[in-house]
Amino acid sequence: MIHLLFVLVSAEMALVLLLLFTSPLRKLVIKILDKMKEGKGPVVSKTVLGTLFVVFISITYNVIEIQKRSLESGVLNPTDEVLMANRVLEASLLGFGIFLALVTYRLSYYMKELESRRRKEAAVEMKPKPDLKLDDHEEYPKKAISSTCIIRQGHML
């Protein structure tokens, strides 16, 4: 199981790195993650994440039981020592895998949100802005009056 967890953590770390840095694969990864969030994808991912969390709790409970046994006897025998080291490694890899899954989920959401905000900002920049002049009191009375008051007072805009 340790080999599988190392593969899982390595794949999730690569996925986070792909999302963090601009590359041609970034858009592809975001599209794939968006497709996974459609249909039955969220139910499946939450079920898998919940199962991994239950396994994490079980492994943590086993580590606590081994520690209690060693405290009762006063000595940690070699078998328990190896079991405890194995369980701690599994628990840490599984916990880190769950954490990276949550980071990946939020990071893909933020990348998608950032892209949509950039599009909106670009659309706003493309719109022509009206030129405000001091002679246009009828069209923009509040702006023109406030700008003339500021200019008369000697302040810069």
Next on the checklist: Show, in sequence, the C-alpha distance, side-chain angles and deciding distance for L102 and L49, and conclude whether the side-chain contact (heavy atoms from CB on, under 4.5 Å) test is met.
Outcome noted: CA-CA 9 Å; L102 294 173; L49 192 63; 4.0 Å; yes
Next on the checklist: One pair to check against salt bridge (Lys or Arg N to Asp or Glu O under 4.0 Å): R117 and E121. What are the steps and the verdict?
Outcome noted: CA-CA 6 Å; R117 290 196 182 209; E121 186 177 307; over 6 Å; no
Next on the checklist: I'd like to know whether Q67 forms a side-chain contact (heavy atoms from CB on, under 4.5 Å) with N62, so could you lay out the CA-CA distance, the side-chain angles of the two residues, the decisive distance to 0.1 Å, and finally the verdict.
Outcome noted: CA-CA 9 Å; Q67 283 181 343; N62 286 340; over 6 Å; no
Next on the checklist: Please determine whether side-chain contact (heavy atoms from CB on, under 4.5 Å) holds for the pair E113 and S116, giving the CA-CA distance in whole Å, both sets of side-chain angles, and the decisive distance to 0.1 Å.
Outcome noted: CA-CA 5 Å; E113 186 72 24; S116 68; 4.3 Å; yes
Using a 3.5 Å cut-off and no angle test, enumerate the donor-acceptor pairs between side-chain atoms of residues 35-46 and protein atoms at least two apart in sequence or in another chain.
{"from": "K37", "atom 1": "NZ", "to": "S108", "atom 2": "OG", "distance (Å)": "3.0"}
{"from": "S45", "atom 1": "OG", "to": "G41", "atom 2": "O", "distance (Å)": "3.2"}
{"from": "S45", "atom 1": "OG", "to": "P42", "atom 2": "O", "distance (Å)": "3.0"}

All N/O donor-acceptor pairs, side-chain side in residues 76-87, below 3.5 Å, sequence neighbours left out:
{"from": "N77", "atom 1": "OD1", "to": "D80", "atom 2": "N", "distance (Å)": "2.8"}
{"from": "D80", "atom 1": "OD1", "to": "R69", "atom 2": "NH1", "distance (Å)": "3.1"}
{"from": "R87", "atom 1": "NH1", "to": "E90", "atom 2": "OE1", "distance (Å)": "3.0"}

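Residues S23 and R26 form a side-chain contact, since some pair of their non-hydrogen atoms from C-beta on lies under 4.5 Å apart. Within the 4.5 Å cutoff, the side chain of L15 has no heavy atoms near those of the L100 side chain. Looking only at side-chain heavy atoms (C-beta outward), L18 and L28 stay at 4.5 Å or farther from each other. Counting heavy atoms from C-beta on, the side chains of L8 and L4 never come closer than 4.5 Å.
Distance check, rounded to the nearest 0.5 Å: CG of L52 to CG of L5 gives 8.0 Å. The CD1 atom of I66 sits 12.0 Å away from the CG atom of L71 when rounded to the nearest 0.5 Å. The OG1 atom of T104 lies 7.5 Å from the CG atom of L33; values are rounded to the nearest 0.5 Å. Between L114 atom CG and M111 atom CE the span is 6.5 Å, to the nearest 0.5 Å.
When all heavy atoms are compared, the tightest approach of L94 to F56 is CD2-N, 3.5 Å. In terms of heavy-atom proximity, F96 sits nearest to M13 at CE2-SD, 4.0 Å.
Tracing side-chain contacts under 4.5 Å through hydrophobic residues (I, L, V, M, F, W, Y), one reaches V103 starting from F6; they form part of the same cluster. L20 and I30 fall within a single hydrophobic cluster, where Ile, Leu, Val, Met, Phe, Trp and Tyr side chains are chained together by heavy-atom contacts under 4.5 Å. Taken together through direct or relayed side-chain contacts under 4.5 Å among Ile, Leu, Val, Met, Phe, Trp and Tyr, V55 and F53 form part of one hydrophobic cluster. By the criterion of side-chain heavy atoms lying less than 4.5 angstrom apart, applied directly or through intervening Ile, Leu, Val, Met, Phe, Trp or Tyr residues, V7 is not grouped with L93; the two fall into different hydrophobic clusters. Hydrophobic cluster membership is shared by V9 and L107, with clusters built from Ile, Leu, Val, Met, Phe, Trp and Tyr side chains linked at under 4.5 angstrom.
Every residue two or more places apart in sequence or in another chain that forms a side-chain contact (heavy atoms from CB on, under 4.5 Å) with E115 is listed here: R119.
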